> 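Okay, handing you the structure first.
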Amino acid sequence: MNCSNCQASNPVEAKFCMSCGAELAMESPVKRALKTGFVSYGWVREMPEGETHMELVDGVWHATHFDGGQPDKYMIDLFGSHQLPTPWTEESDKEMVVREFAARNPHMNVS
């Protein structure tokens, strides 16, 4: 974890910067995942009406989540959007992305 005061690198478990002593802001796993460009793409939440459409946005495959035909409010509350980037880029074809995503999300209708 980098210190916001002096930019020194610190161990993740550190509460204070080992270089300048400033208190380190603890970042939630969700914020950290969004900062790195993609989030975990396997969910345990059961969604009988859940659908996910894979869309290519700016060279990265995104999972656009719907629940009962509407944007997934749970995803919006949790991440601020129902469309989230995946680890796959435009170099991967849609068929492979759908197959891999569906394997990690057996409760979802992925297309």
Side-chain angles (χ1 to χ4, degrees):
M1 173 183 307
N2 287 344
C3 174
S4 61
N5 186 47
C6 73
Q7 302 306 315
S9 181
N10 292 276
V12 175
E13 63 276 357
K15 294 185 181 184
F16 296 94
C17 178
M18 296 173 69
S19 180
C20 72
E23 186 172 2
L24 298 172
M26 298 307 286
E27 202 171 32
S28 78
V30 170
K31 287 182 183 176
R32 189 174 326 119
L34 289 172
K35 255 189 190 175
T36 62
F38 63 89
V39 297
S40 172
Y41 51 97
W43 296 95
V44 294
R45 186 166 79 100
E46 291 296 324
M47 293 180 58
E49 301 292 318
E51 297 177 25
T52 300
H53 302 282
M54 305 310 291
E55 300 175 12
L56 194 58
V57 179
D58 297 327
V60 175
W61 286 101
H62 284 63
T64 305
H65 299 270
F66 296 92
D67 189 10
Q70 300 296 315
D72 186 345
K73 291 179 182 179
Y74 178 82
M75 299 295 282
I76 294 169
D77 289 345
L78 188 61
F79 297 110
S81 177
H82 71 294
Q83 185 179 62
L84 303 172
T86 71
W88 298 290
T89 64
E90 62 192 346
E91 291 146 6
S92 301
D93 67 14
K94 185 174 183 175
E95 184 179 309
M96 188 280 300
V97 172
V98 167
R99 185 177 57 251
E100 292 290 322
F101 195 90
R104 290 167 173 79
N105 296 274
H107 57 280
M108 294 291 265
N109 178 16
V110 182
S111 61

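Start at 1 with the first residue, then count along the sequence. Remember, predicted model here, so these are calculated numbers, not experimental data.
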> More than 12 heavy atoms of other residues, nucleotides or ligands under 6.0 Å from CG of Asp77: yes or no?
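Yes - once you tally the heavy atoms of other residues, nucleotides and ligands closer than 6.0 Å, there are more than 12.
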> Just how far is it from atom SG of Cys17 to atom CD of Gln7, taken to the nearest 0.5 Å?
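With rounding to 0.5 Å, SG (Cys17) is 9.5 Å from CD (Gln7).
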> I'd like to know if Leu84 and Val57 are part of one continuous hydrophobic network [Ile/Leu/Val/Met/Phe/Trp/Tyr, side-chain heavy atoms within less than 4.5 Å].
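No, no single cluster joins them.
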> How many angstroms lie between atom CG of Asn2 and atom CG of Leu24, to the nearest 0.5 angstrom?
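Between Asn2 CG and Leu24 CG, I get 9.5 Å after rounding to 0.5 Å.
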> Quick one: pull up CG in Asp93 and CG in Leu56 and give me the separation to the nearest 0.5 Å.
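Result: 11.0 Å between the selected atoms.
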> Find out whether Tyr74 and Asp67 are in side-chain contact, i.e. whether some heavy atom of one side chain is under 4.5 Å from a heavy atom of the other.
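With C-beta onward as the side chain, the pair stays apart.
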> For Val60 versus Thr86, what's the shortest heavy-atom pair and its separation?
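Taking Val60 first and Thr86 second, the nearest heavy atoms are CG1-O, 3.5 Å.
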> Quick one: do the Glu51 and His53 side chains pair a donor with an acceptor below 3.5 Å?
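There is such a pair (donor and acceptor under 3.5 Å, judged by atom type) between the side chains of Glu51 and His53.
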> With sequence neighbours left out, what residues match His82 under ring-ring contact (aromatic ring centres under 6.0 Å, His included)?
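With sequence neighbours excluded, His82 shows a ring-ring contact (aromatic ring centres under 6.0 Å, His included) to Phe66, given in chain and number order.
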> Got a second to check how far Thr52's OG1 is from Gln83's CD, nearest 0.5 Å?
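So the gap between those two atoms works out to 11.5 Å.
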> Do the side chains of Val98 and Met96 join up, straight or via other hydrophobic residues, at under 4.5 Å, putting them in one cluster?
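Yes; Met96 is reachable from Val98 via cluster members.
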> What closest approach, in Å, do Val110 and Ala102 show between heavy atoms, and which atom pair accounts for it?
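Looking at all heavy atoms of both residues, the shortest contact is CG2-CA, 3.9 Å.
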> About how many Å separate CE of Met54 and CZ of Arg99, when rounded to the nearest 0.5 Å?
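Going from the CZ atom of Arg99 to the CE atom of Met54 covers 12.5 Å.
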> Does Glu95 have any side-chain hydrogen bond (donor to acceptor under 3.5 Å, both in side chains) partners at least two apart in sequence or in another chain, and if so, which?
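Listed in chain order: nothing, the list is empty.
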> Step by step, would you call Cys20 with Cys3 a side chain to side chain contact (heavy atoms under 4.5 Å, CB included)?
CA-CA 9 Å; Cys20 72; Cys3 174; 3.7 Å; yes
> Got a donor-acceptor contact below 3.5 angstrom from the Trp61 side chain to the Ser92 backbone?
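Indeed, once roles are kept as given, a pair shorter than 3.5 Å links the two residues.
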